[in-house]
Protein chains: 2
Amino acid sequence: MAYRPTERTEARRTQTRERIVRAALALVAQGGYREAQVAAVAARAGVATGTVYRHFPSKADLLTEVFRVASSHEVEAVEQAARFGSAASQHEVDAVAQAGGDFARERIAAAVETFARRALQGRRLAWALLAEPVDPAVEAERLQFRRAYADVFARTIADGIASGELPEQDPAFTATALVGAIGEALVGPLSPTHAGTDVDALVRNLIIFSLRSTTDQELSPHVHRRAA
Amino acid sequence: MAYRPTERTEARRTQTRERIVRAALALVAQGGYREAQVAAVAARAGVATGTVYRHFPSKADLLTEVFRVASSHEVEAVEQAARFGSAASQHEVDAVAQAGGDFARERIAAAVETFARRALQGRRLAWALLAEPVDPAVEAERLQFRRAYADVFARTIADGIASGELPEQDPAFTATALVGAIGEALVGPLSPTHAGTDVDALVRNLIIFSLRSTTDQELSPHVHRRAA
DNA sequence: GTCTATACGTCGATAGAC
DNA sequence: GTCTATCGACGTATAGAC
């Protein structure tokens, strides 16, 4: 009879794979992609170097998975923040909305703040996710990562438009631009060469920028002409 | 007597080098980094493959130089647009400013429009500069490239603050965020997989976004509390 | 998993500048 | 006569097809 892995061996295999991913993630979070050398990853995961290649066809594939895991974790946190803002529940959101409250803006601010504070707390990992030069294969994931963020903001903006709180606009456009803005604004402070960021001031600037850019205002005739 | 290259040979050498860079640039502009194969570059430049390596230690170094040349070209165009907006001269800028005109906003709009239209006209090259996954060595140049753009916007914003046209803000911060926003908003439309962009609509959205994000407005108490 | 095609980078030979 | 820039075929690594 041919060899067939039992559930038990399958489970072990999966566990090993996860240990490898976690080890690589920890190393990236500690010192960026540079420290995620295959030998170092294997050592930290308690496996032989060759074992890594029994689970991933190449180092780039491993790093791609690490990127995916880390980034989806970040996106989820921001999504959670965007869901309710500082409200405790959907119920409270609805209540405030009914009262004509500005909950979409509150939710945007909460999402931005979560994005930024998490990044500045885990600076090295955030740098790896947002800006660190890396193998093109991993780089491609970055484009997805940004899109995922943008989707979160787009939903919130669309809600705000539907409730009349935000002016008519293309939610996907504004959300994409916003994610680009936040990401780029964080790149400098996150850079390993940068030191001494005033986190609160940065968060404040980011929130102000984000709310400005989603909300209408009078444009001078001069400007209107150009934008028309 | 020892051999020493004369001016003539120096000049020839420089010319060859430039031909190689231009050939590589043309190929990147045509089909991205993928088409900039060393053999193809050499063929287009009319030299042998080995000659490329007499001028550049590696393909990555060649591409880095190509990136620098192309990106500085783009930045200069935007800088030019930001200098005067649609005014014909510095004199006119001063005149409008004296009359209380909104020239900083006009200049920002002109810079954004130039940025976007140039990108959408030379889509393949813009994609290569802004987003195409590429060797980390080249990727590192991208960070510089964005900074250069940000500097242009920062100067214009600072002018606007000085003249009282724009509200107090950190010009470097706003400019950085703005560049991130514009870049990210262009990534989608520039992507090779994307088709059929309404260029005028996109430019309009970008200008609106940019002017919103540089200009103050009332924030609700709710939001103020969070941003404070 | 193997096999092939492709593309990077090298190296000895050559022609020509000094 | 010496030295060097250029050539272009080849080795080797890798990626993609089957």
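Naming convention: chains lettered A, B, ... in sequence-line order (proteins, then strands); numbering from 1 in each chain.
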TODO: Could you state the atom-to-atom distance from CZ of Arg17(B) to P of dT6(D) in whole Å?
DONE: 12 Å
Open item on the list: Check Glu79(A) with Arg155(A), please: is the shortest side-chain N to carboxylate O separation under 4.0 Å?
Closed with: yes
Task: Touch class at under 4.0 angstrom, heavy-atom based, for Val52(B) against every strand present - done: nothing
Open item on the list: Between Thr49(B) and dC8(C), is there a contact of a side-chain N or O with OP1 or OP2 at under 4.0 Å?
Closed with: no
TODO: Round to a whole Å and report the spacing from CD1 of Ile20(B) to P of dG9(C).
DONE: 14 Å
Task: Separation of atom CZ in Arg34(B) from atom P in dA5(C), rounded to whole Å - done: 17 Å
- [ ] Select one nucleotide: of dA7(C), dG9(C), dC7(D), the one nearest the side-chain heavy atoms of Val47(B).
- [x] dC7(D)
Task: Side-chain N or O of Thr16(B) closer than 4.0 Å to phosphate OP1/OP2 of dT6(D) - done: yes
Task: Ala48(B), nearest nucleotide to its side chain (from dA5(D), dT10(C), dG8(D)) - done: dG8(D)
- [ ] Please state whether the rings of Phe115(A) and Tyr149(A) are parallel, tilted or perpendicular, taking 30° and 60° as the class boundaries.
- [x] parallel
- [ ] Could you say whether Pro57(B) or Glu10(B) is positioned toward the 5' end of DNA chain C, judged by the nucleotide with the nearest heavy atom to each?
- [x] Pro57(B)
Open item on the list: With a 4.0 Å limit, can you tell me whether His55(B) has a side-chain N or O closer than that to the phosphate oxygens OP1/OP2 of dT6(D)?
Closed with: yes
Task: Among dA7(C), dT10(C), dT6(D), the one nearest Thr51(B) by side-chain distance - done: dT6(D)
Open item on the list: From NZ of Lys59(B) over to C1' of dT6(C), roughly how many Å is that when rounded to an integer?
Closed with: 11 Å
